S.K.: 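Can you keep this structure in mind? I'll have questions shortly.
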2 protein chains.
Amino acid sequence: MQAVTDLAQRRNEALASRTRAAILRATIAVIARHSLSGTTVQLVAEAAKVAPGTVILHFQKKDALLLAALEQIAAEFETARRAALEAAGGDPVKALEAIIEVSLDPKVSDPANVAVWYAFWGEAKARKLYLERIGSYDTVSQEGLDRLFAEIISKGNSGGGYRHLNAEALAMGFSGLLEWQWQEILVSGRNYDREAAKQTARAYLASIFPQEFAPH
Amino acid sequence: MQAVTDLAQRRNEALASRTRAAILRATIAVIARHSLSGTTVQLVAEAAKVAPGTVILHFQKKDALLLAALEQIAAEFETARRAALEAAGGDPVKALEAIIEVSLDPKVSDPANVAVWYAFWGEAKARKLYLERIGSYDTVSQEGLDRLFAEIISKGNSGGGYRHLNAEALAMGFSGLLEWQWQEILVSGRNYDREAAKQTARAYLASIFPQEFAPH
DNA sequence: AGATGATAAATGAATACTCATTCAGTATCG
DNA sequence: CGATACTGAATGAGTATTCATTTATCATCT
């Protein structure tokens, strides 16, 4: 009797989680197109090809659904970023190059993802939970950048020529530049020239650290 | 008869425009606290101490009200920025210093203003009108910055030592840095240390143009 | 194999809100 | 007074959530 119940549950979990994932994907797509305030359970259900009741069945409250969507996107960003940093293997120069690649990777910086990210920023002031989730991502990634810049400044192969550089300020400028490009993705959508953007980001680094980021 | 009507209208316009201004101020305050989706005509009316009907009487549609609020804020930003640039009198070094001051002026970067600005960014993808208004502000100010950086690079007093610098990338880093600080205002609110932020922005410029922005 | 029954998943019409907008009436002002 | 500004209860459109019912799935039994 116990065995029967267990097996039945295992099957259901698989089906349920497939549906759950479909709803989450649909939610992100709907937020991207209609913004947070324009996102209705009805629209999400249609996009996921389920009934409205199913959406609530899986997430209890619309609010929880939106939070789950935010969590999903933030986790994707974090995973991609961490993978890139690990691939750089502790070399700060490679790490910065990898961050540029990740940040402008078509999958990571898909216009839908970017739109959703800014949609949550827009509501962040009013909804503490959004702010916490978004803020923690930004804080962590910013601290990582600070360290990379500081490392290049102190151990760079320019014979101490970088001593007058301020790591914190330049790292902030770098994240700001990447964010700025994200805003441009939001504005121009699909036809945004990611290669040009990467060139600009590299030009930023080459301007500051000419030894390490020579213009090929 | 005509004169009477004219006089009556003149008085009414004064009263009406006072009410209108109060509603706009209230709208900005409500958006800042409740975000766009949480902003209701009811809340705005309460904050402005008028009846809900009065809000609609003046702006016809809630949508028009929100757009008017955006327009108001964008215009404030533009005015402040233009005044700062004029005060710099064509000197790009002074101009950049002035932009830092303006951008972190407690009145311009009041947490409410910042929150409203990001609230509209969050809806921008879904509402073309918001995107146009916000985007045009950002584009114009960005182009101005590009020119300032290019000027310092070409005419700077470092004897050509700036030739390898990329104006566009560094200008984008600079606006990005200022935007990043705005996001931090959004997160930390009233107790944000504006002086420290200004120091960081100046440190950015001093890192790039040590001759022009020596650490006092 | 095919049928059966037990369980979970999904449905979607009905419910119970919230909120923008209307408008008949009131207050205010010169 | 005459004209405009303002009021706020009533309207109705839209939407999250509920829940009684239906559908799907699979272990078990003929």
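In what follows, every chain begins at residue 1, and chains take the letters A, B, ... in the order their sequences are listed. Note that the structure is a prediction, hence the values are computed from the model and not measured.
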S.K.: His34(B) NE2 to dC19(C) P: how many Å, rounded?
M.R.: 11 Å
S.K.: Roughly, in whole Å, what's the span from NZ in Lys49(A) to P in dG12(C)?
M.R.: 15 Å
S.K.: Check whether any side-chain N or O of Thr200(B) sits under 3.5 Å from a backbone N or O of Ala196(B) as a donor-acceptor pair, and report yes or no.
M.R.: yes
S.K.: Nearest-Å distance, CZ (Phe59(A)) to P (dT18(D))?
M.R.: 16 Å
S.K.: With sugar-phosphate meaning primed atoms plus P, OP1 and OP2, does Thr40(B) contact a base, only sugar-phosphate, or nothing at under 4.0 Å between heavy atoms?
M.R.: sugar-phosphate
S.K.: Just how far, in rounded Å, is P of dC19(C) from CG of Leu66(B)?
M.R.: 14 Å
S.K.: Take atom CD of Gln42(A) and atom P of dA13(C), then tell me their distance rounded to the nearest Å.
M.R.: 10 Å
S.K.: Consider the side chain of Ala51(B), meaning its heavy atoms from C-beta on, and name the nucleotide among dG8(D), dC6(D), dA9(C) that approaches it most closely.
M.R.: dG8(D)
S.K.: Distance check: side-chain N/O of Thr54(B) vs OP1/OP2 of dA5(D), anything under 4.0 Å?
M.R.: no
S.K.: What integer distance in Å separates Leu43(A):CG from dT15(D):P?
M.R.: 8 Å
S.K.: Taking the side chain of Val41(B) as its heavy atoms from C-beta onward, which of dC6(D), dA10(C), dA20(C) lies nearest to it?
M.R.: dA20(C)
S.K.: Among dT17(D), dA9(C), dT21(C), which is the nearest nucleotide to the side chain of Ile56(A)?
M.R.: dT17(D)
S.K.: Between His58(A) and dA10(C), is there a contact of a side-chain N or O with OP1 or OP2 at under 4.0 Å?
M.R.: yes
S.K.: Provide the closest heavy-atom pair for Tyr204(B) versus Gly173(A) in the form atom of the first, atom of the second, distance.
M.R.: CE1-CA, 4.0 Å
S.K.: Could you please name the option among dA10(C), dC6(D), dT21(C) that lies closest to any side-chain atom of Leu57(B)?
M.R.: dC6(D)
S.K.: Looking only at heavy atoms, which two atoms of Trp182(B) and Val114(B) are closest? And how far apart?
M.R.: O-CG1, 3.5 Å
S.K.: Whole angstroms only, please: what is the CD-P distance between Glu46(A) and dA10(C)?
M.R.: 18 Å
S.K.: Taking the ring centre of each residue, are Phe209(B) and Phe149(B) less than 6.0 Å apart?
M.R.: yes
S.K.: Nearest whole angstrom, please: distance from the C1' of dT15(D) to the NZ of Lys62(A).
M.R.: 8 Å
S.K.: How are the rings of Tyr130(A) and Phe120(A) set relative to one another: parallel (under 30°), tilted (30 to 60°) or perpendicular (over 60°)?
M.R.: perpendicular
S.K.: Mind checking if Ser37(B) touches a base, just sugar-phosphate, or nothing, with heavy atoms under 4.0 Å?
M.R.: nothing
